[in-house]
Amino acid sequence: MVERPVDDRRQRLHAMAERVAGGHGLEVFDLQWRRESIGWVLRVMLDRPDAGAGAGAEDGIGVDECQNVSRELSAVLDVEEVVDGAYTLEVSSPGLDRPLRRPADYRRFAGRLAQVVVSEAVDGQSFLKGRIHDVTDEAVLLEAGSRVHCVPFGVITRARLEVEF
C-alpha cells in the first residue's frame, strides 16, 4: 500500500467510521488517529444523533453497540487496507461528562450543567460552571445562580457536561 498523508488517512478513516456507525443508527462524535506509547491507536467515539438535554442513561451508547461497531469497523478497515501494520482500535461513547465542542453540542444539551474553561477571563473568571441557558452563533449563556455569563465560543479552551444525579 502507498503511504498516504495522515490528514488524508484520517479523513478516510472518519468516512468509514461514519458509514459503519450510521448503519447502527449512530454517529461519530470524535475520531482520533495518533501514535501513542503502545503504537498507532484509532479511537472512535460514538453518539446517538437524537440524544439531548432530556436524554437519560437508557439513551446512551451501550457496550453491545460499541462491540458491534468495533467488530464491523475492524472488518471494513481490514478489507479497505487504509492502515498498514498494527494498530489498536478503541470504540466508546463520549460518556456522561462528555466534551462540548461545537455550538450544536451546547444547543443539544441546553438546560444541563456544564463546566467551561476559557483563555480570556469572562466576568473575571477563567473557569465557569453553570446551566446552559441559551446559545447564539457567537456565544453560550451559562446561568450560575442569579448571574448569566455570556461566554464567546472563541475563548473557550475546554468544556464538558457536569455529571448530575
Spatial distance of atom [atom1] ([X]) from atom [atom2] ([Y]) [nearest 0.5 Å]:
{"X": "E72", "Y": "H24", "atom1": "CD", "atom2": "NE2", "value": "4.0 Å"}
{"X": "K129", "Y": "Q115", "atom1": "NZ", "atom2": "CD", "value": "5.5 Å"}
{"X": "L113", "Y": "I132", "atom1": "CG", "atom2": "CD1", "value": "8.5 Å"}

(message) Using 30° and 60° as the class boundaries, would you call the ring planes of Y106 and F153 parallel, tilted or perpendicular?
(response)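 Judged by the thresholds at 30° and 60°, the geometry between Y106 and F153 is tilted.
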Within the structure provided, determine whether [X] and [Y] are in side-chain contact (heavy-atom separation under 4.5 Å).
{"X": "L13", "Y": "V82", "value": "yes"}
{"X": "L77", "Y": "L42", "value": "yes"}
{"X": "I156", "Y": "V140", "value": "yes"}
{"X": "V69", "Y": "L26", "value": "yes"}
{"X": "L142", "Y": "V148", "value": "no"}

(message) Run the side-chain contact (heavy atoms from CB on, under 4.5 Å) test against E120 and tell me which residues pass, sequence neighbours left out.
(response)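 side-chain contact (heavy atoms from CB on, under 4.5 Å) check on E120 returns V155.
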(message) Restricting to side-chain contact (heavy atoms from CB on, under 4.5 Å), what partner residues turn up for V63, sequence neighbours left out?
(response)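 Result, side-chain contact (heavy atoms from CB on, under 4.5 Å) vs V63: Q67.
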(request) Please identify each residue that fulfils side chain to side chain donor-acceptor pair (under 3.5 Å) with R19, with sequence neighbours left out. (result)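 Residues passing side chain to side chain donor-acceptor pair (under 3.5 Å) with R19: none at all.
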So, for [X] and [Y], which heavy atoms are closest and what is the spacing to 0.1 Å?
{"X": "S70", "Y": "L89", "value": "O-CD2, 3.6 Å"}
{"X": "G62", "Y": "E65", "value": "N-OE1, 2.8 Å"}
{"X": "R9", "Y": "W33", "value": "CD-NE1, 3.5 Å"}
{"X": "P152", "Y": "V122", "value": "CD-CG2, 4.3 Å"}
{"X": "G25", "Y": "P49", "value": "O-CD, 3.4 Å"}
{"X": "C66", "Y": "S93", "value": "SG-N, 4.2 Å"}

(request) Using a strict 4.0 Å threshold on nitrogen-to-oxygen distance, state whether R112 and D105 make a salt bridge. (result)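 Salt bridge absent between R112 and D105.
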(message) If hydrophobic clusters are built from ILVMFWY residues whose side chains come within less than 4.5 Å, do L128 and L141 share one?
(response)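 No, L128 does not connect to L141 through the hydrophobic network.
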(request) Report whether V41 and V28 are members of the same hydrophobic cluster (ILVMFWY, side-chain heavy atoms less than 4.5 Å apart, transitive linking). (result)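 In one cluster: no.
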(request) Verify side-chain contact (heavy atoms from CB on, under 4.5 Å) between R98 and R160, making sure each step is shown before the conclusion. (result) CA-CA 5 Å; R98 65 182 298 123; R160 64 179 26 318; over 6 Å; no
(message) Ignoring hydrogens and geometry beyond distance, is a side-chain donor-acceptor pair present between E143 and H149 at under 3.5 Å?
(response)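 No.
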